Amino acid sequence: MHKLLAWLLPAWARPDHPLLQYEFARLQRAGRQRVALHCVVLALALAAMSLLSWLVTGDSMAGQSLSHALWRGMYFPLLVLQAAAWMAALAMGMSAVESERQRRTWDSLRATQAGAGSALRARWIGILYRLRAPIAVMLAARALLAAAMLYELAAFDFHYSAALSARLNPPLPDPFLALPLIALVMAVNFLLPLISLAAAVAFGMLVAVALRARLWTAIVQVVAVATQVACMVAGALYIAGQLEASQQLPPAIHGLVLLVYSALGDWALQLAYLGRLGEVWAGAEHGGGLPPALGIWLLTLAWLADGMMRLAESLSEGRG
């Protein structure tokens with residue numbers, strides 16, 4: 001299996017690649033115990049923030065399902081963790097090339113047979129490796145929410161999905177077609193955080209290579225962070241009904257807002273609870289198309305991340 005995976009991977013992503021070994025050798029000095037400690041601290045912080053969220057909103061376990069309580073408690077803490085991880089990924093991507101230049105190793109890496117392109121790819125993987133603690137906590141939390149969704153589906157012999165599909169406008173030709181849509185939502189929930197962070201790193205590296213002046217890279221970073229935060233906050237307020245527009249827009253536009261926010265704002269986290277998914281399907285025109293649209297966005301974002309890396313490689317070979 002190990003040999004098969006190594007064969008399927010591109011040359012720059014294989015464990016035996018010299019630049020990737022160089023990158024991991026630097027990163028592994030921190031030690032596994034330190035990473036495990038980071039995971040524990042982040043998990044405890046997430047649990048504490050979830051408990052605080054229950055207390056602030058006045059929610060209690062009475063009258064709520066376990067999955068609803070988990071989702072309500074973890075939603076906003078996970079938003080904060082995701083936003084912090086995205087900002088860290090962007091900042092690390094922008095500083096990756098500059099740190100090599102300061103250590104005077106960038107020209108040496110560019111002079112190797114693999115060239116600057118493989119060096120950037122290795123650093124791309126290395127940054128995601130450095131973010132493995134928040135990534136692990138985010139995925140563990142989403143796995144817990146997915147397990148709660150599966151428990152609710154199994155508790156009603158999977159007839160719950162048919163009840164949810166009845167709220168769709170227009171309805172599905174077969175009620176049990178809702179099951180593949182729910183499965184697609186779960187898949188997107190696991191993959192979208194990883195692809196979003198990878199795209200943030202790729203964008204940061206592209207900016208660092210294209211704009212060598214620190215002032216311009218700092219300006220781009222501030223604008224990108226402000227845009228991301230604005231999208232996240234505005235979407236959360238809109239969906240919570242705190243904005244007047246949320247009561248005035250037609251169902252088609254409401255569905256578009258849900259799609260954009262799920263893709264860019266909370267990474268489909270609002271769909272990680274079946275009750276909320278049913279509300280989305282009932283409130284948005286053609287709400288059943290939201291999971292496939294998110295799947296298409298996932299593939300598009302992966303293609304954009306790879307395209308940004310290819311452009312950064314091309315620019316680094318020419319400009320240094």
Side-chain angles (χ1 to χ4, degrees), residues 35 38-54 56-57 70-94 124 127-149 185-204 221-240 257-273 276-277 280 290-291 294-295 297-298 300-302 304-305:
V35 175
H38 289 170
C39 289
V40 172
V41 170
L42 286 174
L44 291 176
L46 182 64
M49 291 175 66
S50 299
L51 178 60
L52 181 62
S53 178
W54 281 320
V56 170
T57 57
L70 286 173
W71 181 79
R72 288 293 299 270
M74 290 196 294
Y75 184 80
F76 289 105
L78 273 176
L79 275 185
V80 174
L81 178 59
Q82 291 173 181
W86 189 90
M87 295 177 195
L90 180 65
M92 290 180 184
M94 287 188 169
W124 188 29
I127 291 175
L128 295 175
Y129 185 74
R130 289 178 62 185
L131 292 171
R132 61 193 183 278
I135 289 175
V137 173
M138 284 190 293
L139 294 184
R142 287 171 180 263
L144 184 61
L145 293 173
M149 293 175 71
V185 167
M186 292 183 182
V188 169
N189 262 289
F190 279 106
L191 294 176
L192 193 52
L194 296 174
I195 303 300
S196 297
L197 292 179
V201 176
F203 177 71
Q221 182 175 355
V222 170
V223 171
V225 168
T227 302
Q228 175 68 16
V229 172
C231 177
M232 182 182 69
V233 174
L237 291 176
Y238 172 85
I239 291 173
V257 172
L258 289 171
L259 174 61
V260 173
Y261 180 54
S262 298
L264 301 174
D266 71 353
W267 303 348
L269 187 60
Q270 64 171 318
L271 307 179
Y273 164 59
R276 175 59 186 166
L277 182 61
V280 169
L290 187 60
L294 286 173
W297 166 246
L298 183 69
T300 303
L301 186 60
L304 288 174

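When reading the values below, keep in mind they use all heavy atoms of this one structure, side chains included, and skip hydrogens, waters and symmetry mates. The model shown is predicted, which means the values in this text are computed figures rather than measured ones.
- Pairing each heavy atom of M186 with each of A146, the nearest pair is CE-O, 4.0 Å.
- Between the CG atom of L191 and the CH2 atom of W267 there is a distance of 13.0 Å, given to the nearest 0.5 Å.
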Query raised in the report: Would V225 and V229 satisfy side-chain contact (heavy atoms from CB on, under 4.5 Å), going step by step from the backbone distance to the final call?
Result: CA-CA 6 Å; V225 168; V229 172; 4.2 Å; yes
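- To the nearest 0.5 Å, atom CZ of residue R142 and atom CG of residue N189 are 5.0 Å apart.
- Using a 4.5 Å heavy-atom threshold, the side chains of Q221 and L90 count as touching.
- The two residues W71 and Q270 come nearest to each other via the heavy atoms CZ2-O, 3.8 Å.
- If you take CG on D266 and CG on L258, they are separated by 9.5 Å, rounding to the nearest 0.5 Å.
- For the residue pair A148 and L70, the shortest heavy atom distance occurs at CB-CD1, 4.3 Å.
- What you find for A200 and W86 is that their closest heavy atoms are CB-NE1, 3.5 Å.
- Annotation: the span from M149 atom CE to L271 atom CG amounts to 8.0 Å, rounded to 0.5 Å.
- One distance of note links CG of L194 with CG of L128; it measures 8.0 Å at 0.5 Å rounding.
- Distance CG/L269 to OG/S262: 9.5 Å, rounded to 0.5 Å.
- The shortest non-hydrogen separation linking G265 to Q228 is O-NE2, 4.4 Å.
- Smallest separation of non-hydrogen atoms from L301 and A199: CD1-CB, 3.8 Å.
- Cation-pi geometry between R276 and Y273 is not satisfied (NZ or CZ under 6.0 Å from the ring centre, within 45° of the ring normal).
- With a 4.5 Å cut-off on side-chain heavy atoms, L81 and P134 count as touching.
- Applying the side-chain contact (heavy atoms from CB on, under 4.5 Å) criterion to A141, with sequence neighbours excluded, gives L46, M74, L78.
- Partners of Y261 according to the side-chain hydrogen bond (donor to acceptor under 3.5 Å, both in side chains) rule, which considers only residues two or more places apart in sequence or in another chain, are Y75.
- Listed by chain and number, the residues in a side-chain contact (heavy atoms from CB on, under 4.5 Å) with T300 are I296, W297, L304 (sequence neighbours excluded).
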